[in-house]
Every structure is written in structure tokens, then in C-alpha cells.
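Numbered from 1 within each chain, the chains take letters A, B, ... in sequence-line order. A quick note: this is a predicted structure, and the numbers were derived from the prediction, not measured.
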Protein chains: 2
Amino acid sequence: MALGIRERTLDSSRAAILEAAARCFHERGYAATSIDDVARALQSTKGRIYHHFESKADLFAEVFRVGMDMNYAALEPLRSLKGEAHQLWRRFAWVHVDQMITTRAFQRVVWMGVEMHLVGAPTPHQRALFEELFETRSRYGDIFRKLIAEGRESGHFHFPNLSVANQLMFMTLNSPIFWYSPRTGETRADIEDLIAQVVTCAWRGLGGTEGTGK
Amino acid sequence: MALGIRERTLDSSRAAILEAAARCFHERGYAATSIDDVARALQSTKGRIYHHFESKADLFAEVFRVGMDMNYAALEPLRSLKGEAHQLWRRFAWVHVDQMITTRAFQRVVWMGVEMHLVGAPTPHQRALFEELFETRSRYGDIFRKLIAEGRESGHFHFPNLSVANQLMFMTLNSPIFWYSPRTGETRADIEDLIAQVVTCAWRGLGGTEGTGK
DNA sequence: TTGACAACATACCCGGTAGTATGTTCATCA
DNA sequence: TGATGAACATACTACCGGGTATGTTGTCAA
């Protein structure tokens, strides 16, 4: 049975709201963004948003979830790859940085969510929701943590403390969400050049032996 | 003439407010922090804060300024040093990271201020004030930018794009404001160990030749 | 000692915002 | 074709937070 207009528009309407919310949260932060702001960005009104989302915190959580889902989806094709950890790391890191650039509004929300922790989640339901999202985010981080730990054991990475190295690595890989903004006339090649610089910087930071990364 | 109680307490009272404001902004962000929050942190009331500061934005700006002042003050003893750029960079970077850790609440506010740009500064007076602070921050950044540019020319650093390298470097050096939190029983040696890891990571990221940094 | 003023505390105002209650429209289906 | 409900828009409420107006107390100078 073919989908009716309702079924076809529902997801796209939700998606449009999430997109606008991501942009607003990205630009102004969570607290400084009002639901009316998001509605204005949609050329719409509050009613539409509250029809699809229970609360502001819930909307934020959904943006967070979508952002994480996009990350997992982007990494998925690589999960089955076999090979040395440090080489896998480079491919994973590349995809991650690509995500940070191409979906940066959502990724910024993920960042903000991790930063905020449980501040501003009054109801138990919301706390549980966020706990679950943090868990998801944490498992995502573990993918990379595991790779650099293995890379160190195999002698391809060199750093004294795993947790610190992991923090510093993610800082570099995530950094485009703070300083990247699209330039007019920018090509895919320009972006890939940027990605390469970021990945190389993180690679070096991990003490990766020069030249063997690519 | 000896200072009266008023003169002696004025600065310390202002300083206490700035300290509390820095902590609140650090923990909850600018928009989510109310003046009452800061007052509560001081075991005090709004009246005290508005007696010393014109507005919330003004208070924030002052915290920003103090943070930047501390950075400049910390670097000052090194400004007269002569030597090769890449070696100077390491000493400057060390001091910078130390600042990020030991005065992280203020430094986080500086970060937030740069992030917010001019959003939420409605009056021309506030805009001008923030413009000046950004200018100060920008000049501070130029100190490092100049060093890594010279270090590249002398063949000690290797990176394709100066602006990108500068961004990535600062991301690493600033990162403790996001992930560092003091541990119980932590010694100065522990902190210096941390600083060393951060500086080394940034050094490597810049393509610094291994071993010559220390 | 007393007037003046700094350094607050208290009480209040008002605009903005999260959330709700109530229309309104239009597709779908019996 | 009329009833139903999804997908909104509109109108409203309650509250919070920035800012102000007005006490209150202690200090200092004359």
C-alpha cells in the first residue's frame, strides 16, 4: 500500500524541525534558543513543534540522537574492515572529521549535550533519556579509544596516557565544529584537503610514525 | 595614607564576584546563568552584583577581561626571551596550558566570549566593549601564530596551512578547559605531567621534529 | 556627633519564554 | 458525504530572570 500524504510528510516535517533546531542550537546554544526561534527559522509557529516533540529538552535530545545516528551510519561501512589498528584509525578518523564538517550543526549539539551533562534535565524521564544518549556517545568514543590503544601496543602510536591521548585526539578531530564554516565556491576537494590536515594533526599528536599513515 | 576598609574591601569584593561569576558561567554557560545564581554562589543577593557591574553582559565582559589579563601577565616574563621560534613556542605553550588548567573557569569564559561573538550584546556600548576584548584576544593569538610561522620557515614545524595549523594548535592547547577537572590528592607534579602531554601533542601536531622540543 | 556616602539587601516591575488549551484546515475512510 | 483525526495555527497562562527603585547599615570625614 502506497503511503498517503500524511505518512510521506510526517518524517520530512519532523526532519525539517530537527534541522532548524540543530541550526538554532548551533548558532545560539541551548539556553539562548527559544522554541519560537526554531519556529521562526521554519517560518512556522510553536504549535507545529510541540505537536511533534514533548518539550524543548526532548527536541534537543532528538537532535542529539540524530547526530549520533549519522555518525554511526557513516562509520558502519568501515566496521567490517580488517587490518592494523593504526591504519583503521586513519580511515575512521577521516570519516569522523568529514561528519564534523558536513553535519556540524548536529555535531555541535552532540558536543553541547555532552558538555551539559544532566544540567537542565529536571524530570526523571529526561534524565533517563539523556543517560541513554550519553551511553551511546560513550560507546562511539570507545571505538576510537580501542583503536589507539591497540595502535600503541603495536608500536605505531606513542603516548604516555591513554585517556589523555584520547581526549586530545577527539579535541582535534572534533574541532571543525568550532572553526569550520563553509566558504563560497568551496569544492569537495577543498574540504577533503581540510579533513586531511585535521586527521594528520591528530595522527601526529598520537605519536604516529610519519609517513605510514596514508 | 593607609587604605581604609572600603578601599581594601572594594577590590576583594569585586574579585569575589568575578570569581563566582566565572564559576557559574563555566558550569552553566552564559545564557543559563542568572544573576541570582551568581549571587547565590556568593551567599549574597543581586544588589551587590549590580552595585559593582552595570549589567550581566558587563559582568561577563569583565570576567573575560580578567581571564585575558591573566594570560598576558603569565606570558609577560617570557616576552623578553630571545631564541629560536620553535623553542620559544614550547615555553609559551607551556605557560598557556598551565593557565588553561589553573584558571580554567576564567579561560572557559574567554572561550565562550569568542564563541558568542557579538550575539547578545544589544547596546552599542557593549558591542564596542566586546570588540575591544576580541581585539585583545586576537593579538594574544597572534603571538603564537607568529611563532609557529617562524618555526615553519626555519624548518622546525611542518604544516600546509598556517591558519588551520593555528586553529588546531589552539584547540589542543585550550582543550583542558573542557576536560580537565582537579582530582583529589593531585600534586603540582601531576599537573605538570598533564601540561607536558598537551604541549607535546600540540608540538607533534605542528609537525615539530621529535626530540628537539624539550 | 552627625551628615554623607559606599556597600550592600529588599521589594518590585516587566518583557520574554516554556508549555497549554483551543481553534482551524484538510486528507482519509467508512 | 460526513465523520474523524492528524497537522498544524492562535491565544493564553504562569513563571522566571534582567533590571530598577528603594530601604538599611556601617564607615569615614569634618
[X] has an atom [atom1]; how far is it from atom [atom2] of [N], in whole Å?
X: A:Lys46; N: C:dT17; atom1: NZ; atom2: P; result: 9 Å
X: A:Ile35; N: D:dC16; atom1: CD1; atom2: C1'; result: 16 Å
X: B:Lys56; N: C:dG15; atom1: NZ; atom2: P; result: 18 Å
X: A:Arg48; N: D:dC8; atom1: CZ; atom2: C1'; result: 8 Å
X: B:Ile49; N: C:dT10; atom1: CD1; atom2: P; result: 14 Å
X: B:Gln43; N: C:dA7; atom1: CD; atom2: P; result: 21 Å
X: B:Asp36; N: C:dC12; atom1: CG; atom2: C1'; result: 13 Å
X: A:Leu42; N: D:dC8; atom1: CG; atom2: P; result: 10 Å

For this session: Could you check whether the rings of A:Phe25 and A:Tyr30 sit parallel, tilted or perpendicular, using 30° and 60° as the cut-offs?
Result: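 Geometry flag for A:Tyr30 against A:Phe25: tilted rings.
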For this session: Just say parallel, tilted or perpendicular for the rings of B:Trp203 and B:His86, cut-offs at 30° and 60°.
Result: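 Tilted, since the angle between the ring planes falls between 30° and 60°.
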Is the phosphate of [N], meaning OP1 or OP2, less than 4.0 Å from a side-chain N or O of [X]?
X: A:His51; N: D:dC8; answer: no
X: B:His52; N: C:dC8; answer: yes
X: B:Ser55; N: D:dG18; answer: no
X: A:Ser13; N: D:dA7; answer: no

Problem set entry | Among C:dA9, C:dA18, C:dG19, the nucleotide that comes nearest once only the side chain of A:Ser34 is considered |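 Of all the options, the side chain of A:Ser34 is nearest to C:dA18.
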Exercise. So which nucleotide from D:dA9, D:dG19, C:dC8 ends up closest to the side chain of B:Tyr50?
Worked result: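 For the B:Tyr50 side chain, the nearest candidate turns out to be D:dG19.
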Scan the side chains in residues 169-185 of chain A for donor-acceptor partners under 3.5 Å anywhere in the protein, sequence neighbours excluded, and list what turns up.
{"residue": "A:Thr172", "atom": "OG1", "partner": "A:Leu168", "partner atom": "O", "Å": "3.2"}
{"residue": "A:Asn174", "atom": "OD1", "partner": "A:His96", "partner atom": "NE2", "Å": "2.7"}
{"residue": "A:Asn174", "atom": "ND2", "partner": "A:Phe170", "partner atom": "O", "Å": "3.2"}
{"residue": "A:Ser175", "atom": "OG", "partner": "A:Thr172", "partner atom": "O", "Å": "2.8"}
{"residue": "A:Ser175", "atom": "OG", "partner": "A:Trp179", "partner atom": "NE1", "Å": "2.9"}
{"residue": "A:Trp179", "atom": "NE1", "partner": "A:Ser175", "partner atom": "O", "Å": "3.2"}
{"residue": "A:Tyr180", "atom": "OH", "partner": "A:Glu186", "partner atom": "OE1", "Å": "2.6"}

Problem set entry | Upstream residue (5' side of DNA chain C) when A:Gly47 and A:Ala31 are each assigned their closest nucleotide |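 The 5'-side residue here is A:Ala31.
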Exercise. Below 4.0 angstrom, N of the basic side chain to O of the carboxylate: do B:Arg23 and B:Glu27 qualify?
Worked result: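 Salt bridge absent between B:Arg23 and B:Glu27.
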Exercise. Shortest non-hydrogen contact from B:Phe144 to B:Leu75?
Worked result: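 What the structure gives for the nearest pair is CE1-CD1, 4.0 Å.
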